[in-house]
Amino acid sequence: MAAKPNQDEAFVTEITKQSIDFSKWYLDVVRKAELADYSPVKGFMVIRPYGYAIWEQIQQQLDQRFKATGHVNAYFPLLIPESLLLKEAQHVEGFAPQVAYVTHGGGEELEEKLVIRPTSETIFGVMYQKWIQSWRDLPVLINQWANVVRWEKVTRPFLRTTEFLWQEGHTAHETAEEAQEETLKILAIYKEFCENVLAMPVVDGQKSDSEKFAGASKTYSIEALMGDGRALQAGTSHNLGQNFAKAFEIQFQGRDKTLQHAWTTSWGVSTRLIGGVIMTHGDDSGLILPPAVAPYQVVIVPIPRGTWKETVLPKCEEIAAQLKAAGIRVKLDADESQTPGWKFSEYEMRGVPLRLEIGPKDIEKSSVFAARRDTRVKASIPMEGLTDAITALLADIQKSLLERARTFREEHTSNADSYDALKAAMEGRPGFVIAPWCEEAQCEADIKAETQATIRNIPFGYEQAPDKPCIKCGKPAKVSAWFAKAY
RNA sequence: CGGGGCGUGGCUCAGUCUGGUAGAGCGCUCGGUUCGGGACCGAGAGGUCGAAGGUUCGAAUCCUUUCGCCCCGACCA
């Protein structure tokens with residue numbers, strides 16, 4: 001594709017420009033691309049078919065990865081007796097303010113209130129206690145795709161909603177080492193998935209104590225950088241140690257005949273990933289979807305002219321069938337009530353990676369006219385070998401989206417060696433700042449209060465910060481932490 | 001939860017200050033001509049003004065309460 005990109009042409013005018021108001025831009029995209037809509041209940045959104053199709057892609061491709069690493073799916077119930085939630089001290093404290101209760105059923109007040117799961121460690125704990133007796137029963141590697149409810153004060157579609165869809169894996173192991181290995185194995189899967197499928201580069205690392213999951217020994221996260229320079233926690237993996245095993249008496253008889261508590265983990269990613277994709281790749285014309293998660297990777301727009309129904313349309317159908325046979329998700333839009341120009345804008349807004357325009361001129365030349373969403377580059381492609389050309393083009397779009405996002409992140413990541421530098425970096429369009437930290441919660445809290453930046457995580461490979469003073473207090477630093485303003 | 005802004009056909013908004021019985025553009029429906037970057041002409045449908053209560057002869061407009069959405073902050077695995 002040799003033609004030059006023309007980024008300046010604003011064909012889509014219904015969306016607030018990112019530079020004017022990024023939040024508004026985001027909400028416009030969600031609404032105009034028909035990803036989601038508000039429901040009658042505050043904080044709850046309807047995920048519309050187009051948005052849900054993206055979620056289905058995420059589900060499918062993550063699920064494959066879980067299965068390939070020995071995990072199985074199951075379904076645990078929505079309602080949990082309040083008493084269960086109270087069993088793990090840290091856990092209750094963390095979740096109590098966000099829990100929704102069911103107090104009545106069958107026209108009567110319930111004897112024990114039920115909580116709508118904010119996460120399912122507790123019910124998994126109860127069941128694992130029943131199912132696990134021997135070291136031979138381990139490991140248990142169960143995942144579930146479910147909805148959870150966490151009462152939130154401020155909500156935004158996909159990024160933070162009261163109810164959201166996610167997967168939560170819950171595993172139990174014989175040794176601490178195995179549990180740690182599992183925790184990191186999943187984190188690696190999340191990272192690989194985000195980069196290769198969502199084209200969203202992430203920083204993987206460990207959470208500080210104050211940002212840890214309520215009840216976990218260690219929490220790891222992957223963090224992505226959004227287009228406005230703020231970080232998004234895209235997934236978490238927790239090593240729960242024996243905390244939940246002790247609270248729920250998940251015990252097994254070991255190889256040495258002694259009774260031991262199991263070592264458990266939990267991990268999840270949610271529909272928030274969709275928000276991440278929107279804010280990682282989107283531009284002023286709307287959504288840009290990586291081909292790997294796009295509900296339609298290719299949209300074919302026939303140009304209706306003269307005898308197009310006898311000439312152009314059959315060719316379009318033929319090409320659509322040919323692409324489908326090659327495993328490409330393709331939509332042919334032959335709707336006569338909209339003009340081609342309208343369709344171009346519409347599919348751009350919806351982020352379809354590649355558009356094919358086919359009209360009489362193309363039929364004559366035995367070629368199709370293709371337009372990439374990511375670079376806006378347009379070019380003719382010969383019909384001969386079209387499927388291969390399109391497969392290659394989609395692969396290139398996938399790759400260049402990741403590269404573009406990586407470059408953006410690198411351009412918005414800096415090292416700070418003084419507190420003033422950190423503060424300065426948090427102004428305007430912030431980004432990640434790598435800075436030495438003493439691991440004292442007080443410094444972390446002070447930094448947050450003064451700059452709004454939080455420690456996103458302590459990336460692997462950055463654990464050592466030799467000879468450097470803590471960015472805040474000046475005492476010897478123990479780690480290099482990645483700071484950012486976060487969603 | 002605190003501060004601010006906003007709720008009027010599907011969407012964006014005017015009308016509210018100075019009460020007099022609801023308007024525009026886009027979209028939608030029908031017919032026709034079009035169609036290579038959000039087409040054009042003609043004819044139509046559609047709202048009781050977020051909700052409840054109050055003041056008044058009369059309320060989108062004034063008063064009270066309430067719900068929702070957005071922004072900033074607090075809070076948030």
(message) Tell me whether A:K207 is salt-bridged to A:E223, with the criterion being a basic N under 4.0 Å from an acidic carboxylate O.
(response) yes

(message) Just to be sure I understand the rule, does A:G43 reach a base, reach only the sugar-phosphate, or reach nothing, if contact means heavy atoms closer than 4.0 Å?
(response) sugar-phosphate

(request) Quick one: look up who B:rG31 pairs with, Watson-Crick or G-U, both distances under 3.5 Å, and put none if it's unpaired. (result) B:rC41

(message) Using whole Å, what does the distance between atom C1' of nucleotide B:rG36 and atom CH2 of A:W342 come to?
(response) 17 Å

(request) Under the side-chain hydrogen bond (donor to acceptor under 3.5 Å, both in side chains) rule, what do A:E121 and A:Y128 come out as? Steps first, then yes or no, please. (result) CA-CA 10 Å; A:E121 277 73 9; A:Y128 281 5; over 6 Å; no

What pairs of nitrogen or oxygen atoms, one from the protein and one from nucleotides 43-45 of chain B, lie under 3.5 Å apart?
none

(request) Please tell me if the side chains of A:D28 and A:R31 come closer than 4.5 Å, counting only heavy atoms from C-beta onward. (result) yes

Check: protein-nucleotides 70-76 of chain B nitrogen or oxygen pairs below 3.5 Å:
unit_1 : atom_1 : unit_2 : atom_2 : d
B:rC70 : OP1    : A:Y38  : OH     : 2.6
B:rC71 : OP1    : A:R156 : NH2    : 3.2
B:rG73 : OP1    : A:Q452 : OE1    : 3.1
B:rG73 : OP1    : A:Q452 : NE2    : 3.2
B:rC76 : O2'    : A:Q98  : OE1    : 3.3
B:rC76 : O2'    : A:Q98  : NE2    : 3.1
B:rC76 : O2     : A:R160 : NE     : 3.1
B:rC76 : O2     : A:R160 : NH1    : 3.4
B:rC76 : O2     : A:R160 : NH2    : 2.8

(request) Calculate the interatomic distance between A:R31 atom CZ and B:rC69 atom C1'; express it in whole Å. (result) 11 Å

(request) Using whole Å, report how far CZ of A:F369 lies from C1' of B:rG36. (result) 8 Å

(message) Only pairs with both distances under 3.5 Å count, Watson-Crick or wobble alike; so what is the partner of B:rA59 in this structure?
(response) none

(message) At 4.0 Å (heavy atoms only), tell me whether A:P360 reaches a base, stays on the sugar-phosphate, or touches nothing.
(response) base

(request) Taking atom C1' in both B:rG9 and B:rC41, compute the distance separating them and give it to the nearest angstrom. (result) 24 Å

(request) Ignoring hydrogens and angles, answer whether the base of B:rG37 and the side-chain atoms of A:R376 contain a donor-acceptor pair closer than 3.5 Å. (result) no

(request) Measure the distance from CZ on A:R355 to P on B:rG37 and round it to the nearest whole Å. (result) 9 Å

(message) Strictly by Watson-Crick or wobble contacts shorter than 3.5 Å, is anything paired with B:rC69, and which nucleotide is it?
(response) B:rG5

(message) Both A:T119 and A:G359 contact RNA chain B. Which one's nearest nucleotide lies toward the 5' end?
(response) A:G359

(message) The criterion is ring pair (Phe, Tyr, Trp, His ring centres under 6.0 Å); which residues satisfy it with A:H412, sequence neighbours excluded?
(response) A:F408

(request) Name every residue in residues 202-218 of chain A that has at least one heavy atom under 4.0 Å from any atom of RNA chain B, in order of residue number, or write none if there are no such residues. (result) A:E211, A:K212, A:F213, A:A214

(message) Taking only side-chain N and O atoms of A:K42, does any of them lie within less than 4.0 angstrom of OP1 or OP2 on B:rC67?
(response) no

(message) Tell me if the aromatic rings of A:F95 and A:F213 count as close, with their centers under 6.0 Å from one another.
(response) yes

(message) Are the side chains of A:L27 and A:P157 in contact, using a 4.5 Å heavy-atom criterion?
(response) yes

(message) Parallel, tilted or perpendicular, judged at 30° and 60°: which one describes the rings of A:F66 and A:H71?
(response) perpendicular

(request) State plainly whether the residues A:D396 and A:R372 are in salt-bridge range, i.e. N to O under 4.0 Å. (result) yes

(message) For nucleotides 26-35 of chain B, give me one character per nucleotide, 5' to 3': B if any protein heavy atom sits under 4.0 Å from the base, S if the only such contacts are to the sugar-phosphate, - if neither.
(response) --S-----BB

(request) Show your reasoning for whether side-chain hydrogen bond (donor to acceptor under 3.5 Å, both in side chains) applies to A:D333 and A:Y347. (result) CA-CA 10 Å; A:D333 186 353; A:Y347 291 112; 2.5 Å; yes

(request) Could I get the full list of ring pair (Phe, Tyr, Trp, His ring centres under 6.0 Å) partners for A:F22, not counting sequence neighbours? (result) A:W25

(message) Distance to the ring centre below 6.0 angstrom and angle to the axis at most 45 degrees; does that hold for A:R350 and A:Y50?
(response) yes

(request) By nearest nucleotide on RNA chain B, pick out whichever of A:S39 and A:R272 is the more 5' one. (result) A:S39

(message) Regarding A:F244, tell me which of base, sugar-phosphate or nothing describes its non-hydrogen contacts under 4.0 Å with the strands shown.
(response) nothing

(message) So that I can tick it off, tell me whether A:R376 and A:E348 are bridged by a salt bridge, with the cut-off set at under 4.0 angstrom between side-chain N and carboxylate O.
(response) yes

(message) Are A:I319 and A:L332 packed together at the side-chain level, in the sense that at least one heavy-atom pair is separated by less than 4.5 angstrom?
(response) no

(message) Determine whether A:S210 and A:E444 satisfy the following criterion, side-chain hydrogen bond (donor to acceptor under 3.5 Å, both in side chains), listing intermediate values before the conclusion.
(response) CA-CA 9 Å; A:S210 67; A:E444 184 183 10; 2.8 Å; yes

(message) Under a 3.5 Å cut-off for both contacts, is B:rC49 paired Watson-Crick or G-U wobble with anything, and if yes, with which nucleotide?
(response) none

(message) Would you say that A:E336 contacts A:W308 through its side chain, given a criterion of any heavy-atom pair below 4.5 Å between the two side chains?
(response) yes

